[in-house]
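Side chains are part of it too, since the values below use all heavy atoms of this structure and drop only hydrogens, waters and symmetry mates. A, B, ... follow the sequence lines: proteins, then strands. Residue 1 opens every chain.
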Protein chains: 2
Amino acid sequence: MNSERNRVTISDVAKASGVSNSAVSYALNGKAGVSSDTRQQVLAVAQRMGWRPNSAAKALSDAATHSVGMILTYAMSVLSVESYTTELMAGLTAELERKGYSLLIRSSSSHEYELTVLQEWIASGAVDAVLVLNVELNDPRISLLQSQHRIPALALCNPMFSQGLPSLSSNESDAAHLIIDYLHELGHTRIARVAGPERLGHTFIRDNAFMEEAAALGLQYSCLHADYSPEDGLRCTKRLLSLPHAPTAIVYDNDVMALSALKASNDMGIAVPEALSIVSWDDSFMCEVSVPSITALNRNVVGTGRLAAQLILQLIEGKDVDSVSETDNELVFRESSGPVHK
Amino acid sequence: MNSERNRVTISDVAKASGVSNSAVSYALNGKAGVSSDTRQQVLAVAQRMGWRPNSAAKALSDAATHSVGMILTYAMSVLSVESYTTELMAGLTAELERKGYSLLIRSSSSHEYELTVLQEWIASGAVDAVLVLNVELNDPRISLLQSQHRIPALALCNPMFSQGLPSLSSNESDAAHLIIDYLHELGHTRIARVAGPERLGHTFIRDNAFMEEAAALGLQYSCLHADYSPEDGLRCTKRLLSLPHAPTAIVYDNDVMALSALKASNDMGIAVPEALSIVSWDDSFMCEVSVPSITALNRNVVGTGRLAAQLILQLIEGKDVDSVSETDNELVFRESSGPVHK
DNA sequence: TTGTAGGCGTTATCAG
DNA sequence: CTGATAACGCCTACAA
C-alpha cells in the first residue's frame, strides 16, 4: 500500500549533512544537543531539500494530531440556511490557525451516528479535542465525553447542561431580558415567541428567562417551538396571528424564521411594525437588507468562534478551563419593531 | 511528551487473546492468515476491550490520513454571508463520511498564506487530497499542485483554468445564456450585470458568455465588477441606475448583492419589477423570502459538494478523473423580474 | 557534542 | 495457519 513518492525524511537530511539522525532532530527542533555549527549546517540542508515533518509520524510520536474535531449534525435543509455555523467556523479556524491547528469536520445525519463518530475519535485519537454544538437536555454526547479523559472537550452551552465539562455560553437570559424589556417599553402587552427546538439547551434557558420576565412584568406571553426552518417559521407565525387575541410582537429564535414572518405578515395583510413588531434573536445580513429591516440581537458569532478556539487550545495544553459566559449582547434597532398602535 | 492514557493497542488485544500481534492484525482487518476460530476469538476480545485502530499509527503505516484538505480564504466580512461554502461543505462532508473520510479545514487571510499551507500539506502528507476553491486566472495554487504528484487535487473551476488538473465546473456559459435569453424574451434591451471579482475564473467565463450572447442578440450590455459584498452590490446598483440610459434589468453574480439591489431600488424609488428586473445567479433562502422574491438561478450546491467528494475519492484511489462539467442550471422565476414597461 | 537504539501502533513480509 | 521481524518517520533517553 506504500506507493509514496520521494518524501524527504529526517534520515535523508542526516545523510546529506553527514551527521546522525538524532542530531538532525535536535537541530530542527531547536533543542540542545548539537553544536551551533552543526545546527546551522543541518538547517541549511533541510531547507534546501525541502524537509517538513511528516504529520503522521509526528502525530504518532507526539500522540497529538494538531487538529480539533467538530461534527455537523444539521438537517440538510436547515444547514444550507444557517449562517451561524459558517461564522463560528470562521472564528474557530482563524484562531486555531495561529497555533498551526486544523479543524477536522465530519458530518452526521443522526444523533446516534454522531455518538459513533465521537467514540471513534476518543478511541483512535484522531483529534486532540472536540467542540460540541447544539447541546440538548441530557445530551448523551456530554455524558460520553465527560466519562473519558483522553480527549478534552468544550461544550457550547450553558454550564447547567455540560455536566462539569468546560463550556462556553452566551448569556441567553441576559439577552432575553434585553429583548422583553425593550418590547415592554414600547407598550406591548401581548408578546409571543417562535422558539427553536424545545430539547435544545439554549432554548430551555431562553424559555425560562422569557417566562420569568414576562410574568414579572405582567405580560401575556405565549411560545411555540419550531425547527428553525422557514416553513416552520411561517406556520407558527400564521398560527399566532390567527389567535383571537393575537400578539402585537413576536420574537424569533433565528433570523430565518424572522424573515419568513415578514412574508407571513405580508401575506396576511398585517403591517410591520404598525400592527406587529418583529425581533430576531440572530442578526445577519438578511436582517439588515430585508424590507422592512429587522430588529435583531447582535451576537458576534465570529468572536465566539475565536474564543472557543482559545479555550480549546488551553484545554489541549492541559490547563484547567472554567465555564465561560459571554455577555456581549446588543440589540440592533431597525424598522421591524415599534410602539404599539391601538 | 507522552502523557497518554490507557489506549488499547493491538498488542494488548494480542496478549489478552493469547495470540501473536500479527494474527490480531489479520483478524481485525478481515484478511486471510488466521483460522476462523482465532478470528472470532480475537474479534470478541477486541470488541470487549474497545479496541479501535490508532489513527496516527494507521496513517503512518498506510501513508494515508483519510482526510481531504480545504482552505477557506474569504474575507471575514464576505464569509459570514456566504451560503455557498456552507452548502458545499454539507455535500462534501456527507459524501466523504460514507468512506470514513474527514474534511480538514484551515483558514487563511491571504493568498500567499494559502500557498504556504498547501506546500505544508504537500510536504507533510497531512491530507490525502485537496479541493481548490475560487480559482483565479493564472492561479499559483494550480501551478503548485500541478507541479507535484504527491497529493491529488480537484479544482472547482472551468478546465481552462486548471492547467490539466482534474476539475469540476458548473456550466457557466449555459447559465449565462439561460438568463440572458430569458431577459431578452421579456423585451429587455438594456441589461447590466454586477459581477464578482474580475480575476476569478468563473467570472471570466461568465463575462465572456454574457458579452457574446448580448452581442448576438443586439442587446446593450454593461458590466461592473464587485466583491460580492452587500456594500459593493449597493454601490454598483446605484451607479448603474444613475446612468442616463439606465438598464431595465440587472443580473447579480450572487444572492447577497441581488438583495442589496432590492434595497437600493427601494431607496431610489424604482419599482421592482415594473421599472427594474433583478435576477440573481445564486439561489438561496433569501431570494425566496425577500419582498419581492428574487428570480434566481438554482444550482444545487450541495449536489456539487457531493460530486466533488466522489471525484476526490476516485483521485485518492488512483483513478484518472476527467474534468467534469455540471449542467443542472435551472432558472426559478419569482417576483423580481418581468416584462419591460415603457 | 555526537551517534545508537528503542518506542509510538500499525501493517506487511517471511520464515516456521 | 501462525508468529517473529522489519518498516513507516519522528522523538528521546542513553551511551560513547
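- Taking for each of B:Ala57 and B:Ala23 the nucleotide of DNA chain D with the nearest heavy atom, the 5'-most of the two is the partner of B:Ala23.
- In plain terms, the two heavy atoms of B:Arg52 and A:Ala123 that are nearest each other are CG-CB, 3.2 Å.
- Within the structure, ring pair (Phe, Tyr, Trp, His ring centres under 6.0 Å) contacts touching residues 107-148 of chain B (residues at least two apart or in different chains) do not occur.
- Between A:Thr73 and A:Leu133, the closest side-chain pair of non-hydrogen atoms is not below 4.5 Å.
- Nearest to the side-chain atoms of A:Asn54 among the listed nucleotides C:dG9, D:dC10, C:dG3 stands D:dC10.
- Of the side-chain N and O atoms in A:Lys58, none sit less than 4.0 angstrom from OP1 or OP2 of D:dG9.
- Between the CG atom of B:Asp12 and the C1' atom of C:dG9 there is a distance of 10 Å, rounded to whole Å.
- Rounded to a whole Å, the CG atom of A:Asn29 is 13 Å from the C1' atom of D:dG9.
- You won't find any donor-acceptor pair under 3.5 Å spanning the side chain of B:Tyr26 and the base of C:dT10, going by distance alone.
- Taking the side chain of A:Ile10 as heavy atoms from C-beta on, and the options D:dC11, C:dG9, C:dT11, the nearest nucleotide is D:dC11.
- Summarising the geometry, atom OG belonging to A:Ser162 is positioned 9.0 Å from atom CG belonging to A:Leu154; distances are rounded to the nearest 0.5 Å.
- To the nearest angstrom, P of C:dT11 lies 7 Å from CG of B:Asp62.
- Side-chain atoms of A:Ser22 and base atoms of C:dT4 include a donor and an acceptor less than 3.5 Å apart.
- No contact: B:Asn21 has no heavy atom under 4.0 Å from any strand.
- The side chain of A:Ser61 contributes no N or O atom lying less than 4.0 Å from OP1 or OP2 of D:dC10.
- Inspection of the B:Thr65 and B:Ser67 side chains reveals an N or O donor paired with an N or O acceptor under 3.5 Å.
- Checking the phosphate oxygens (OP1, OP2) of D:dT12, a side-chain nitrogen or oxygen of A:Lys31 falls inside 4.0 Å.
- What you find for A:Val24 and A:Ala14 is that their closest heavy atoms are CG2-CA, 3.4 Å.
- An OP1 or OP2 oxygen of D:dT2 is reached within less than 4.0 angstrom by no side-chain nitrogen or oxygen of B:Ser20.
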Identify all side-chain donor-acceptor contacts of residues 313-321 of chain A below 3.5 Å with residues at least two apart in sequence or on another chain.
residue	atom	partner	partner atom	Å
A:Glu317	OE1	A:Lys319	NZ	3.1

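- Among the atoms of the strands shown, only primed sugar atoms or phosphate atoms (P, OP1, OP2) are found under 4.0 Å from some heavy atom of B:Thr9.
- Taking a 4.0 Å limit (strictly below) on heavy-atom distances, residues 35-53 of chain A reaches DNA chain C at A:Ser35, A:Thr38.
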